[in-house]
Amino acid sequence: MRLSKAFIPTQKEIPADATIPSHQLMLRAGLMRQLTAGVYAFLPLGYNAMMKAMNIVREEMNAIGGQEFLLPALNPESLWVQTGRRNVQNFILSIKERDLVLAPTHEEVIGWIASMHIQSYKDLPQIWYQIQTKFRNEPRPRSGVLRGRQFIMKDSYTLDASWEGLDKGYDLHAEAYNKIFTRCGLKFFVVGASSGAMGGTGSQEFMVESGSGEDTVVLCDKCGYAANLEIATSAISGVTRTANSKALEEIHTPNVKTIDELATFLNVDHDHLAKSVVYRHNGKPVLVLMAGNDQLNESKFSAALGGGEVAPMNAEELLGLTGADGGSIGPINLKGFRIIADKRLEGANGLISGANKNDYHIANIDMNRDVTVEEYFDLRIVDTGELCPKCSAQLKITHAIELGHIFKLGTKYADALHATYLDENGQSKPIIMGSYGIGIERIIACHLEQSHDDKGIIWNTALAPYQAHVIAINMNNKDIVLHSNQIYRTLTESGIDTLFDDRPNVTAGFKFNDADLLGMPFQIIVGEKGLKNNQVEVKRRKTGERTMVALSEIIPTIKKLLSE
RNA sequence: CGGAACGUGGCGCAGCCCGGUAGCGCACUUGCUUGGGGUGCAAGGGGUCGCGGGUUCAAAUCCCGCCGUUCCGACCA
């Protein structure tokens, strides 16, 4: 492509609305423009890079036997009512004129197709996928394309007759994802993840470490333990039990509201305090006891209760139900609450907790003697400095961007959509599904986050819209015009995607800066200096390293560099 | 949805406090110039100052409402 004819609007200034490097670069290098919050128009250069990513994804999906579909973005609203996902918060965008919604994902449509055409176990397994635009009602789009209201996802779905089959399909996807992100040149890692409201029995996320990421992950450098904070655990010990439990004792604790204040006031260790956290689960009050100042992990909490709606109880409700404010709630003499507790408190005694009376706490609580705990769960949020649950090395907590997510869904959607097959015995069974997503824009954004400098983008060869960028230093010099045109032509004919800066009246410095901003892997600089010796300069964008190459050696040199 | 900021040619910003001719840099057009790291000179084109209402002789500027965008938080299947 000749830059004199190309639509690649570069900008020197950093757009005010872009705060992270990938967003700034995607705008400055003319990859895309924002239409409205969370919605971007991809310009030719950006779309080119997206297609590179999509093709890598497509090749690896095909390699595991995936079959590509084109599915509708417009779905009947009723389909989503059927699976109970129509009214999930911040999920679905609808259109006003018809009872249609914009699909945020495609389990429903896949299930609908399967319900019509999958009849027998002999029709299974299947791997179905699509690479398409999806829509979500994001309350707050942010960070450029990292969280948009419209985005392109590769979604694939496995359909199986057995749980072993699901495991196999899931493992195939895990392998394919490793290949995809490796080919894309991304530094990524895999974490165990929460299945959340998608339901299902297992899930992993493919992550890129980044301060711009919205997920928090827990990593062990020593043994490789890696988990989303939502499900992460650590090797923290339980609260100790002493030989004798003393009698319960009410103590006056004026104006003590928080666990820290209580620890200071009584001059006791945090571990002897049992913090009460009060929630409603599907409308019903639940008291959660946590050791000391451990933070409740809402994901774990929700999972422990088997899903459903979970919300902190507000102060008024709390006062009405217990007669006390938040800082004085406890498990003793508390009526009408389910009580669950964090595992650290299992069997503990000598604990202090609220008395359900303002300004009073109760001491010497014995979990076994005094509290009717429905069940103990791991409910705490892992904190910095804690030790790995597997190898006891120090854990690292960091932020990450979720590139891909693989789920074992099970039969939730097949049940709702009556997607069944007949097994060997003629029995009707629900199809067992898995669901596997990759954010295409995120591949690009993550690469840019990981690969840029103060001059601009540094594309790797896998995702670069063009492999080579020919710069004609001075279009008033006939020699330069002649040779740069010839180089551009032969590179293109050799199958090397090449950008050619043939703009007249643009000075060398301007072209150099544009080339560094656009960031193609190799720049071929055609100038008077080199041509005197029948040479051009080849510059590697990544390192800035320059070498003089004879005109006759350009093609083999570039081919060799590209194959490295 | 809570908190905050911003909205002025394509982009980045000043002007607003203290009301009175709409300005700067980049980009763009024309001519000359320069030609290895965003050349220089000159002459130009382009703005309902987000929208609506109010105050005033007069509003980019003051007041009210709305909309939009961004950031922090909540949310993120």
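Just so it is clear: chains get the letters A, B, ... in the order the sequence lines come, proteins before strands, and each one is counted from 1.
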Looking across every strand, which nucleic acid part, if any, lies under 4.0 Å from [X] by heavy atom: base, sugar-phosphate, or nothing?
| X | answer |
| --- | --- |
| Asp516(A) | base |
| Ser143(A) | sugar-phosphate |
| Glu537(A) | base |

remark   = ring-ring contact (aromatic ring centres under 6.0 Å, His included) filter on Phe301(A), not counting sequence neighbours, yields Tyr279(A)
query = How would you list, by chain and number, every residue that makes a ring-ring contact (aromatic ring centres under 6.0 Å, His included) with Tyr170(A), sequence neighbours excluded?
reply =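 So Tyr170(A) forms no ring-ring contact (aromatic ring centres under 6.0 Å, His included) with any residue.
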Separation between the [atom1] atoms of [N] and [M], rounded to whole Å:
| N | M | atom1 | answer |
| --- | --- | --- | --- |
| rU61(B) | rG20(B) | P | 10 Å |
| rU34(B) | rC72(B) | C1' | 49 Å |
| rA58(B) | rG19(B) | C1' | 8 Å |
| rU21(B) | rC17(B) | P | 13 Å |
| rG7(B) | rA14(B) | P | 7 Å |
| rU8(B) | rA60(B) | C1' | 7 Å |
| rC57(B) | rG47(B) | P | 31 Å |
| rC67(B) | rC24(B) | C1' | 29 Å |

Atom-to-atom span, [atom1] of [X] to [atom2] of [N] - whole angstrom:
| X | N | atom1 | atom2 | result |
| --- | --- | --- | --- | --- |
| Asn474(A) | rU33(B) | CG | P | 14 Å |
| Asp215(A) | rC75(B) | CG | C1' | 13 Å |
| Glu230(A) | rC75(B) | CD | C1' | 12 Å |
| Asn87(A) | rC75(B) | CG | C1' | 17 Å |
| Asp501(A) | rG37(B) | CG | P | 15 Å |
| Leu93(A) | rC76(B) | CG | P | 17 Å |
| Ile231(A) | rC76(B) | CD1 | P | 16 Å |
| Leu43(A) | rC11(B) | CG | P | 14 Å |

query = Could Lys187(A) and Glu209(A) be called an ion pair, given the rule that one side-chain N must be under 4.0 Å from one carboxylate O?
reply = no
note = In short, salt bridge (charged side-chain N to carboxylate O under 4.0 Å, His left out) pairs touching residues 71-83 of chain A with sequence neighbours left out are Glu77(A)-Arg86(A)
Using Watson-Crick or G-U wobble geometry with both distances under 3.5 Å, which nucleotide pairs with [N]?
| N | answer |
| --- | --- |
| rG2(B) | rC72(B) |
| rU55(B) | none |
| rC24(B) | rG12(B) |
| rC66(B) | rG50(B) |
| rG45(B) | none |

The criterion is salt bridge (charged side-chain N to carboxylate O under 4.0 Å, His left out); which residues satisfy it with [X], sequence neighbours excluded?
| X | value |
| --- | --- |
| Asp160(A) | none |
| Arg33(A) | none |
| Asp378(A) | Lys300(A) |

Distances under 3.5 Å between nitrogen or oxygen atoms of protein and nucleotides 38-43 of chain B:
unit_1, atom_1, unit_2, atom_2, d
rG38(B), O4', Asn513(A), ND2, 3.3
rG38(B), N1, Asp514(A), OD1, 3.4
rU39(B), OP2, Thr507(A), OG1, 2.5

task = Please check if atom NZ in Lys257(A) has more than 12 non-hydrogen atoms from other residues, nucleotides or ligands closer than 6.0 Å.
result = yes
ask   = How are the rings of Phe181(A) and Tyr177(A) set relative to one another: parallel (under 30°), tilted (30 to 60°) or perpendicular (over 60°)?
value =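 Correct class here is perpendicular.
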ask   = Which ones in residues 13-23 of chain A lie close to RNA chain B, meaning a heavy atom under 4.0 Å from one of its atoms?
value = Glu13(A), Ile14(A), Pro15(A), Ala16(A), Asp17(A), Thr19(A)
task = List in chain and number order the residues that pass side-chain contact (heavy atoms from CB on, under 4.5 Å) with Glu230(A), two or more places apart in sequence or in another chain; answer none if no residue qualifies.
result =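 With neighbours one apart ignored, the set is Ser194(A), Asn228(A), Ser299(A).
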message = Is it true that Gln34(A) and Tyr40(A) share a donor-acceptor pair across their side chains at a distance under 3.5 Å?
response = yes
The side chain of [X] lies closest to which of these nucleotides: [options]?
| X | options | result |
| --- | --- | --- |
| Arg147(A) | rG68(B), rG36(B), rC76(B) | rC76(B) |
| Ile525(A) | rC71(B), rG36(B), rU69(B) | rG36(B) |
| Pro139(A) | rG36(B), rU70(B), rC75(B) | rC75(B) |

message = So, OP1 or OP2 of rC1(B): does either fall under 4.0 Å of a side-chain N or O from Gln89(A)?
response =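 Indeed not, no polar side-chain atom of Gln89(A) lies that close.
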note = 5'-most contact on RNA chain B (nearest-nucleotide basis), Arg140(A) vs Gly530(A), goes to Gly530(A)
inquiry  = Do Ser156(A) and Trp128(A) make a side-chain contact, defined as non-hydrogen atoms from C-beta onward lying under 4.5 Å apart?
reply    =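 Sidechains of Trp128(A) and Ser156(A): no contact.
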